[in-house]
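Ligands are counted one by one from 1 in listed order, and the atoms in each one are counted from 1 as well. A quick note: this is a predicted structure, and the numbers were derived from the prediction, not measured.
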Amino acid sequence: MKALVLVGGLGTRLRPVTYSVPKQLIPIAGKPMLYHVFDLLPPSVEEVVLAAGYRAELVERYVRDHPPRIRVRAVREAAPLGTGGGMKNAGGGLSDPFFLLNSDVVASADLAAMERAQRRSGGIGTMALTEVEDTRPFGVAALAPDDRITAFVEKPEPKDAPSHWINAGLAVWRREVLDRIPSGRPVSFEREIVPGLLAGGVYGHRLSGYWDDAGTPERLLHAQRLLFDDGRGADPRLPSGSSGQGPVAAMEGASAAGATFGGYVTLGPRVQVGTGARVTNSVLMDEVLVGAGATVEGSVLGPRVRVPAGTSVRNAVLAADGEAPAP
Ligand code: GTP
């Protein structure tokens, strides 16, 4: 079994951080969100193929320097081809069926059960679905009593949403779906291809545990909470010499002696939090400096951001000066 993970999006909703860092490498609960997706893969998966594009070189370098337990291979696209175009571009050599995963999903999902359901159904695909109140940002499924998907509408107005069950960004597909995707142009798999696949039998696999899509600052911080609360934060103890409330995941070389925490914090590699500073519900990426007595709350701070001593940053997404804008 192989898994295709889509990592080529621009991540516009997490700008300005994503001007320099691809979304998948933003750490939550102590490791990049891409690695939490790797954690979902069942033992049947022997290779992950990354459909990469935007800032692909950074994703490839990170994976080379931090090898996950599963073999990973990246296939680049020269310009963003959308989800379907990315699948087509990277899809050579996939298994039949294969997993298709978004790289920003945080979930308690049993993908082995989903694989079994796909093999039992004999259909063309199985999509994990999760129930949400506000369906507007998502693809929404209409379901028959046997959970066969009878309609799929991408980002509908609330009055047009056929249910509250949305595409959770985790699926198993027969390899033949790749033949339905045109080559050489951007294609949205969800909008252009999935509706035409329904006649071949696409089944919903309803998730009952937690789920979020870490694509916006608020959702990213919420996803981090979910992971910490599920015990999936890497070594979530308070950094030495600090006080207050965890969980706090401190990555290599992070220090925070004399600082106070309010919980649900990731300190990226070599972050320094000054004495008397307080950090709560935030992600601080590589080499962020928080000055003495400063406060950081509800924020995502990109690499090398400096928070001057005694100042406050609340509900912000910041990148350091001088970052190059996206092409
Ligand atoms: P926004 O710009 O904030 O919407 O983020 P995004 O670009 O990541 O888009 P979205 O969250 O809708 O993408 C869902 C998944 O598809 C993510 O895992 C993306 O990395 C991936 N994706 C989106 N567009 C492309 C693309 O053009 N090529 C590839 N290979 N993957 C893509």
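- Remark: among candidates T12, N102, L10, the nearest residue to atom 2 (O) of ligand 1 is T12, based on non-hydrogen atoms.
- Annotation: the span from L198 atom CG to F152 atom CZ amounts to 8.5 Å, rounded to 0.5 Å.
- Where the criterion is an N or O separation shorter than 3.5 Å, residue side chain and backbone included, G8 meets it with respect to ligand 1.
- Taking distance alone, with nitrogen or oxygen atoms compared against 3.5 Å, G215 stays at or beyond that limit from ligand 1.
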Self-check item: Criterion ring-ring contact (aromatic ring centres under 6.0 Å, His included) on W165 and F138, from CA distance to verdict
Solution: CA-CA 9 Å; W165 288 92; F138 303 110; over 10 Å; no
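- At a heavy-atom cutoff of 4.0 Å, ligand 1 is contacted by both the backbone and the side chain of L6.
- When distances from atom 27 (O) of ligand 1 to the protein are checked, a heavy atom turns up under 4.0 Å.
- In this structure, I149 and Y203 have side chains that are not in contact, with every pair of non-hydrogen atoms separated by 4.5 Å or more.
- Put simply, the side chain of D213 does not reach to within 4.5 Å of the side chain of N102, judged on heavy atoms.
- The part of L81 lying near ligand 1 is the backbone, judged by heavy-atom distances below 4.0 Å.
- Less than 6.0 angstrom separates the ring centroid of Y35 from the ring centroid of Y62.
- Between L111 and L101 the shortest side-chain heavy-atom distance falls below 4.5 Å.
- Listed by atom number, the atoms of ligand 1 under 4.0 Å from Q24 heavy atoms are 20 (O).
- Not one N or O of A52 is nearer than 3.5 Å to an N or O of ligand 1, by distance alone.
- Every atom of ligand 1 is numbered from 1 in the order shown, and the set under 4.0 Å from a heavy atom of S103 is 17 (C), 18 (O), 20 (O).
- Residues V194 and V202 are not in side-chain contact: their nearest non-hydrogen atoms beyond the backbone lie 4.5 Å or more apart.
- The closest approach between any non-hydrogen atom of G11 and ligand 1 is below 4.0 Å.
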